[in-house]
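Reckoned from all heavy atoms, side chains included, excluding hydrogens, waters and symmetry mates. To find a chain, count down the sequence lines: A is the first, B the second, and so on, and within it residues start at 1.
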Amino acid sequence: MFEARMAQASTLKKVLEAVKDMVSEGNFDCSEEGICLQAMDVAHVSLVNVLLRAQGFEMFRCDRNLALGIQLANLSKVLNCAGKDDAVTVKAEDEGADTAEFMFESSKGDRITTFELTLMDIDSEHLGVPEDTTYTAVIKMPSTEFRRIISDLSTIGDTVTIEVSKDGASFQVSGDIGKGNLCIQSNTAADKPSERVEITMEEPTKQTYAMRYLSFFTKAAPLSDTVTISLSPDVPLVVEFNIGEEVGYVKYYLAPKITE
Amino acid sequence: TPVQNDLEEFFAMC
């Protein structure tokens with residue numbers, strides 16, 4: 001038996017918004033630790049890794065590990081029926097269940113909506129993402145600022161080069177209409193920690209990425225005030241949004257473009 | 001022109 005109750009259905013809704021344009025389906029792996037989703041885009045260029053820790057739920061019970069194979073567009077339809085302040089409870093029988101139940105309760109407890117979502121068998125391979133990668137450059141910034149940079153620059157071109165040097169971090173883009181270069185610098189004096197920009201550099205780093213995927217990643221901005229972008233020569237970029245203090249995270253990995 | 005790499009190859013390499 002699996003049963004988990006989250007006080008804010010909106011958190012789950014935001015997680016779905018953060019992944020559904022990039023991947024169409026995935027296994028939500030449920031264990032005592034929490035709920036984990038790992039999925040790659042169809043081109044196998046990027047990967048999203050979501051973790052919702054058990055302690056981030058009001059109630060969490062998972063007797064046996066199970067994978068809920070879900071078509072994300074369908075789950076999105078169900079979650080769109082949740083009210084802004086609704087709580088959500090997800091229930092499923094053990095492995096082999098055909099459906100999962102989603103129940104939304106209004107904050108006053110006077111409106112309860114229940115859906116049975118059809119599950120599917122998804123053959124998904126888990127990629128072994130190394131945990132011990134050391135990155136030569138890390139940029140921490142407000143997630144709204146990251147979203148704006150990507151949104152602005154993606155109108156100019158479809159490839160962006162991120163360069164971190166002692167002068168700051170620059171995002172360079174070129175396209176048919178011309179070129180753009182946006183440079184940000186560390187700003188650790190901002191009043192609120194969430195408004196600070198922190199650029200950490202072990203060594204100057206310059207890598208090129210497809211803008212299309214970075215645009216997908218900005219969909220997670222509503223989940224977190226800040227985003228951390230970690231890059232190193234010739235390894236995948238990591239874009240990480242933490243959910244709350246302890247609730248979990250959405251991490252995206254993106255293979256760089258490399259000049260051969 | 002830079003060539004887009006496949007993510008699986010990276011993680012296989014690591």
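- Within the 4.5 angstrom heavy-atom criterion, atoms from both the backbone and the side chain of A/Ile258 approach chain B.
- The neighbour count for A/Glu33 CD, taken as heavy atoms of other residues, nucleotides or ligands under 6.0 Å away, does not exceed 12.
- For NZ of A/Lys140, the number of neighbouring non-hydrogen atoms (other residues, nucleotides, ligands) closer than 6.0 Å is 12 at most.
- Heavy-atom neighbours of chain B within the stretch residues 202-218 of chain A, taken at a separation under 4.5 angstrom, comprise A/Thr208, A/Ala210.
- With a threshold of 4.5 angstrom between heavy atoms, A/Ser46 approaches chain B through N, CA, C or O but not through any side-chain atom.
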Check the pair B/Phe11 / A/Tyr253 against ring-ring contact (aromatic ring centres under 6.0 Å, His included), numbers first and verdict last. CA-CA 10 Å; B/Phe11 288 141; A/Tyr253 298 82; 5.6 Å; yes

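- Under the 4.5 Å side-chain criterion, counting only non-hydrogen atoms from C-beta, A/His44 is not in contact with B/Leu7.
- What you find for B/Gln4 and A/Pro256 is that their closest heavy atoms are NE2-O, 3.7 Å.
- Within 6.0 Å of CG on B/Asp6 lie more than 12 heavy atoms contributed by other residues, nucleotides or ligands.
- Put simply, the side chain of B/Glu8 never gets that close to the backbone of A/Val45: no donor and acceptor are under 3.5 Å apart.
- Heavy atoms of other residues, nucleotides or ligands lying less than 6.0 angstrom from NZ of A/Lys251 number more than 12.
- By the 6.0 Å contact criterion, CD on A/Gln55 is enclosed, its count of non-hydrogen atoms from other residues, nucleotides or ligands being greater than 12.
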